[in-house]
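Notes to accompany the following structure.
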Amino acid sequence: MITRTLLPALAVVTKSYAQRDILSYVDNLIGTNNEGNVFAGATRPHGMVKAAGDVNGQNTGGFSTDDTPIIGFSSLHDMGTGGNPSLGNFPLFPELCPGDDINNCVYTRTGRMISYGNESVIAEPGRFAVSLVNGISSEMAVGERAALFRFTFPNTAVLNGTTYSNETLGPAAEAGGQNVAPLVMLDLDDLWSSRQNASISVNPTSGRMIGNGTFLPSFGAGSYMVHFCADFASSTPMRDNGMHVNNRAGTEPKDLFVTRGINAFYIQAGGWVRFEPDSSSNETVVDARMGISFISAEQACQNAETNIPTSTSDGTAWDMESLVADTQDEWREKLSPISIKPGSGVEPSLLTSFYSGMYRTMVNPQNYTMENPLWQSSEPYFDSFYCIWDEFRAVFPFLTIVEPQTMSSLVRSLIDTQQHVGWLPDCRMSLCKGWTQGGSNADVVLHDAYAKNLTADIDWAAALTAVIKDAEIEPLDWSNEGRGGLQSWHNLGYIPIEDYDYLGFGVIAHSVSRTLEYAYNDYNVGMLGKSLGLQNYTTYLSRSANWQNLYLPTQNSSLNVSGTIEDTSFTGFFQPRYSNGTFAFQDPVQCAGILGQWCSLTSNPSDTFESTIWEYIFFVPHMMSSLIATLGGPDEFIRRLDYAATSGLLEISNEPSFLLPYLYHYAGRPALSARRVHEYILSKFNVSTTGLPGNDDSGTMSAWLCLSMLGLFPNAGQNVYFITPPFFENINITNEITGKTARISVVNGTFDATYANVSIQRVWVDGREYNRNWVGHEFFLEGMSMEIEVGSEESEWGTRVEDLPPSLEGVGM
Ligand SMILES: *[C@@H]1O[C@H](CO)[C@@H](O)[C@H](O)[C@H]1NC(C)=O
Ligand SMILES: *[C@@H]1O[C@H](CO)[C@@H](O)[C@H](O)[C@H]1NC(C)=O
Ligand SMILES: *[C@@H]1O[C@H](CO)[C@@H](O)[C@H](O)[C@H]1NC(C)=O
Ligand SMILES: *[C@@H]1O[C@H](CO)[C@@H](O)[C@H](O)[C@H]1NC(C)=O
Ligand SMILES: *[C@@H]1O[C@H](CO)[C@@H](O)[C@H](O)[C@H]1NC(C)=O
Ligand SMILES: *[C@@H]1O[C@H](CO)[C@@H](O)[C@H](O)[C@H]1NC(C)=O
Ligand SMILES: *[C@@H]1O[C@H](CO)[C@@H](O)[C@H](O)[C@H]1NC(C)=O
Ligand SMILES: *[C@@H]1O[C@H](CO)[C@@H](O)[C@H](O)[C@H]1NC(C)=O
Ligand SMILES: *[C@@H]1O[C@H](CO)[C@@H](O)[C@H](O)[C@H]1NC(C)=O
Ligand SMILES: *[C@@H]1O[C@H](CO)[C@@H](O)[C@H](O)[C@H]1NC(C)=O
Ligand SMILES: CC(=O)N[C@H]1CO[C@H](CO)[C@@H](O)[C@@H]1O
């Protein structure tokens, strides 16, 4: 059971909804266990510096509630990502050295690590705190580019009243009850121990530590350098400082350069500073201010001084509370575009799910403007697009609704990156190119932005040039940019298994999922081209029908779950194909989680990436009417979707499934989408630490949740939102650019907090009866209103051919 300071306010719901601080609905511990990999620490919206206590277990996002010990307190993190643990550079760690001897402290990461008390965790917007079981407590807050850590060391009786075993206590515990000097060390390490080499210097009089290190990106190529500037302050005088190397320490030297070492002999080293214990008090407080920069140590110091100025005349104190308050104000502002009246009987936890999810959509990408050492530009620079393969489906469309200014900056940053690096990224982190997982999905992001009139200051001509390059020119290394197999793509109309591709190199796998993604990417290239007057845009729309080339009408599928073989009785699936036109074979259920299989980028690579042919058969987002006809008409299509959902082949834990629950809309059965979506949200999402079904993927999972709860889910890359009944009776969404407010409400007293009645009966838009089962982005831009009447039975609403979302017609076979 984990409690935090927010909980007392949450537990007693005496205030009405409207009176409550919106931040009281944000619980940053949701998804901190069970592979949600959520970042639970303190950050500004899209902030570069993110402070948290890092654990030794599921530490991809730094902290986790997986009951593993704390290894350090660091200032850079990612959010919800897969891949290797990201960032976590230059952790600080507080210790009391037994016998007051620096050589009795333990400096190596697994040597020093120590458990924390579950009840001590505070994870609220702008503040993170945790106490170690040896009695040392930590608290932290952030500016954009600097973090403030407060370590409180007990002077006496650490173990007062509680008996701990020596194992839990860790090495520092023996100091309990003694009056020893508090020490804070800085480790030249990151979460993944990817450090190549690093430097540190400590100023003997002030204790300021500056330095830098070269590290590896957690899911990409190359390396990056990051600089730090750490200042320390205490109400008591500094005693001494120096360096540590592995588990030995000394007051000399004051500068150190370390290289990598080899494998098991990774060199662990860094600096430390010690203060006199406060003999007049039962604790000594040491504050550490950590400035970070990707440019230089000087800039790291400047960031620290600007973000966290000294607030007393003697120059020793930094104001933790005002940092927290400023950060919380920023978050209140960020969450303010959506206001909700839940409706009577709605579980408060659904509001917590919603606003915590909305918060998580604004943690990444990170604003590194003025912190990009790679090129000079007046354009914004954002990093941690991790990865666009995930993000394009939900989180970017969500930000287009709630944060259109920031979304414009993200788009401009992508275009500027393309102009300086040569290619749009499919994934990017820590100033490096990340691994491409499928197609060139930034194409979808750019067209989605255009289709939603996110035009402010975006160079659309450059955007078009960038996406055409993805579609036409194969890079030598398409494992981290552009697309591979373009000769086959242009000439054969699919990516063959065993492609003869001498133009470029990448992961020779995923031929089916790449074909499907390239087709959808080309739809977006074509549509952006059409809007911008590109003469040959129809070429790209024709290529967008290439999915048809992998359809094998005779392919059947059976499912063997723990020895029980079930003929799924469906025929017609995508299959991999050789370049001579002959079909190869991949079992349509291969890679299914319910079979205990997982097909990632490099482990068990298959012709489908991270999912089955069973899920990928539905990935034709732009030509659903053709797909439905291909699969035997609406009834057969629905039977298939139902089977995918009920068999467990539809895995809501990962992005390839994200559109599936909504596809009933294209078959004229929007009520079935509504039921599916409500079912998934009520069964797979909750406010516990394990409350996300999979990686949050930079807020993408959260955006799926939020958009679904609003009842307007986008088909990303098109000006289309599917209408389903919202989880709340009344929702207002204000557009930051137009200032207009869109309103969604369930009317005529039909709102049902048990969600048994989720079949839409009738809809009114701006007061007029509305039969289409979708709307466009004008709904948000122009501040329209939507009234929805729900009931228990499926109705005629949204079922006619003319009610369905648009599909591209007249291309392909
Ligand atoms: C702390 O929480 C973790 C995960 O939530 C749990 O596994 C562990 O048993 C808890 N420990 C204590 C001491 O309550
Ligand atoms: C540090 O490591 C990086 C990456 O291996 C290398 O490029 C750089 O030259 C090294 N720097 C020094 C000073 O050794
Ligand atoms: C890294 O830090 C060391 C020690 O402060 C310094 O001598 C060196 O110039 C720095 N390197 C860079 C590239 O900033
Ligand atoms: C939305 O706006 C309308 C009109 O101003 C107002 O009546 C309603 O209470 C608002 N709803 C919410 C949830 O703020
Ligand atoms: C990004 O950071 C820069 C530099 O601090 C700032 O000027 C800009 O407003 C930020 N952009 C966004 C979208 O917050
Ligand atoms: C379409 O036109 C653009 C702009 O002239 C050009 O760059 C691109 O190569 C053309 N595409 C094809 C398939 O010819
Ligand atoms: C079905 O799966 C079981 C393991 O769960 C395996 O032993 C059996 O061989 C499989 N049958 C077929 C026909 O693949
Ligand atoms: C096509 O190529 C595959 C793989 O080399 C081969 O198995 C198949 O027999 C070929 N088909 C024809 C018709 O030659
Ligand atoms: C919360 O959601 C997770 C992830 O879907 C699930 O494993 C867990 O059983 C749910 N817990 C509750 C209490 O519903
Ligand atoms: C975008 O702007 C154009 C031109 O003003 C307009 O025709 C179109 O309807 C707008 N689209 C949306 C989604 O608002
Ligand atoms: C019977 C009834 O109250 N119908 C109302 C349902 O809500 C719509 C939209 O607000 C009204 O137009 C109907 O009069």
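Everything numeric here is computed off the predicted structure, so don't read it as measured data. Start at 1 and go down the list; that is how both ligands and their atoms are numbered.
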With no hydrogens and no angle check, just 3.5 Å: does a side-chain donor-acceptor pair link Asp78 and Ser384?
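Asp78 vs Ser384: donor-acceptor pair found between side chains.
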
Looking only at heavy atoms, what is the nearest atom pair of [X] and [Y], with distance?
X: Leu29; Y: Ala40; result: CD2-CB, 4.1 Å
X: Thr60; Y: Gly83; result: CG2-O, 4.4 Å
X: Leu431; Y: Glu371; result: CD2-O, 4.5 Å

Identify, by atom number and element, the atoms of ligand 10 in contact range of [X], meaning under 4.0 Å from any of its heavy atoms.
X: Asn719; result: 13 (C)
X: Ala451; result: 13 (C)
X: Leu781; result: 12 (C), 14 (O)
X: Asn453; result: 1 (C), 2 (O), 3 (C), 8 (C), 10 (C), 11 (N), 12 (C), 14 (O)

Hey, does Leu374 have a side-chain heavy atom less than 4.5 Å from the side chain of His420?
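The answer is no; the side chains never approach within 4.5 Å.
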
Among protein heavy atoms, which sits nearest to [atom], and what does the distance come to when rounded to 0.1 Å?
atom: atom 8 (C) of ligand 9; result: Asn686 ND2, 3.8 Å
atom: atom 9 (O) of ligand 2; result: Asn197 ND2, 4.8 Å
atom: atom 7 (O) of ligand 9; result: Asn34 ND2, 4.3 Å
atom: atom 13 (C) of ligand 10; result: Glu778 OE1, 3.0 Å

Could you tell me the separation between the [atom1] atom of [X] and the [atom2] atom of [Y], rounded to the nearest 0.5 Å?
X: Glu615; Y: Leu660; atom1: CD; atom2: CG; answer: 5.5 Å
X: Asn84; Y: Leu216; atom1: CG; atom2: CG; answer: 9.5 Å
X: Tyr643; Y: Leu650; atom1: OH; atom2: CG; answer: 13.0 Å

Proximal atoms of ligand 9 relative to Thr690 (non-hydrogen, under 4.0 Å)
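Those atoms are 2 (O), 3 (C), 4 (C).
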
Atoms of ligand 2, numbered as shown, that sit under 4.0 Å from any heavy atom of Phe257
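Counting atoms of ligand 2 from 1, those under 4.0 Å from Phe257 are 12 (C), 13 (C), 14 (O).
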
Taking both backbone and side-chain atoms of Ser688, is any N or O found less than 3.5 Å from an N or O belonging to ligand 9?
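Min N/O separation from ligand 9 is not below 3.5 Å for Ser688.
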
Answer yes or no: does an N/O atom from Lys684 fall short of 3.5 Å to an N/O atom of ligand 9?
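Such a contact does occur with ligand 9.
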
For [atom], is some protein heavy-atom partner under 4.0 Å away?
atom: atom 11 (N) of ligand 10; result: yes
atom: atom 2 (O) of ligand 10; result: yes
atom: atom 5 (O) of ligand 9; result: yes

Check: Phe215 ring centroid to Trp192 ring centroid under 6.0 Å:
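No, ring centres 6.0 Å or more apart.
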
Less than 6.0 angstrom separating the ring centers of Tyr368 and Phe294, yes or no?
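Yes, ring centres under 6.0 Å apart.
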
Would you say Glu782 has any N or O atom under 3.5 Å from an N or O of ligand 10, going by distance alone?
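Min N/O separation from ligand 10 is not below 3.5 Å for Glu782.
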
For Ser223 and ligand 2, does the shortest N/O to N/O distance drop below 3.5 Å?
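In fact, backbone or side chain, Ser223 has no N or O that close.
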
Presence of salt bridge, Asp189 and Arg109, under 4.0 angstrom:
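A salt bridge is present here (some side-chain N lies under 4.0 Å from a carboxylate O).
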
